[in-house]
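Protein chains get the first letters and strands the later ones, always in sequence-line order, with residue 1 at the start of each.
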Amino acid sequence: MNKGKKVTAFQQRVYDAVRLIPAGYVSTYGGVARFLGVRSARAVGQALRRNPFAPQVPCHRVIASSLAIGGFNGRRRGAEIRRKLALLAAEGVAFERGRLKDAGRLWNFRKGS
DNA sequence: TACAAGCAATAGT
DNA sequence: ACTATTGCTTGTA
């Protein structure tokens, strides 16, 4: 998996967890954080924001707990965000007004792994 | 809906 | 080593 790119152990852990999310499903920063055993969703967001791997780590499959789209490529709103929405839509995840339309697409972790 | 406080990690100084 | 910043979350008003 990782080569050349130097990432911290925490980042590696976050990427590993995010990779477990199957296409067509999404998770939340807090969910990943709890899965890793940390209490801060911000730390997860930071790790994903600096994700040196692009499609390998589906950072676009991670949204906010309020079903908000969250951010993408360092932007919380803008053209990058619509790309994230497009990626999710392509996977079968529908969004409305910047929020997840169907909460049933939330991935709880600890299920298929 | 809007504001404030708590939380953990990275990057820059 | 310290400070500032961040793709968050939850609680109150």
OP1 or OP2 of C:dC8 under 4.0 Å from side-chain N/O of A:Ser66: no
Could you list all N or O pairs between the protein and nucleotides 4-8 of chain B that sit under 3.5 Å apart?
residue	atom	partner	partner atom	Å
B:dG6	O6	A:Arg42	NH1	3.2
B:dA8	O4'	A:Ser40	OG	3.0

Lys/Arg-Asp/Glu bridge criterion (N-O < 4.0 Å) met for A:Asp16, A:Arg19: yes
Whole-Å gap separating P (C:dT6) and CZ (A:Arg76): 8 Å
Sugar-phosphate, base or nothing in reach of A:Arg50, heavy atoms under 4.0 Å: sugar-phosphate
Parallel, tilted or perpendicular: rings of A:Phe109 and A:Phe35 (30°, 60°): parallel
Crowding at CZ, A:Phe95 (>12 non-hydrogen neighbours, <6.0 Å): yes
Member of A:Val26, A:Val57, A:Val62 meeting the side-chain contact (heavy atoms from CB on, under 4.5 Å) criterion with A:Ile21: A:Val62
Approximate separation, where rounding is to 0.5 Å, of A:Arg76 CZ and A:Ile69 CD1: 13.5 Å
Pairing nucleotide - C:dG7, Watson-Crick or G-U, each distance under 3.5 Å: none
Base-pairing mate for B:dC7 - Watson-Crick or G-U, with both contacts under 3.5 Å: none
Sugar-phosphate only, base, or nothing, as touched by A:Val62 at under 4.0 Å among non-hydrogen atoms: base
Any donor-acceptor N/O pair, A:Asn73 side chain to A:Arg75 backbone, under 3.5 Å: no
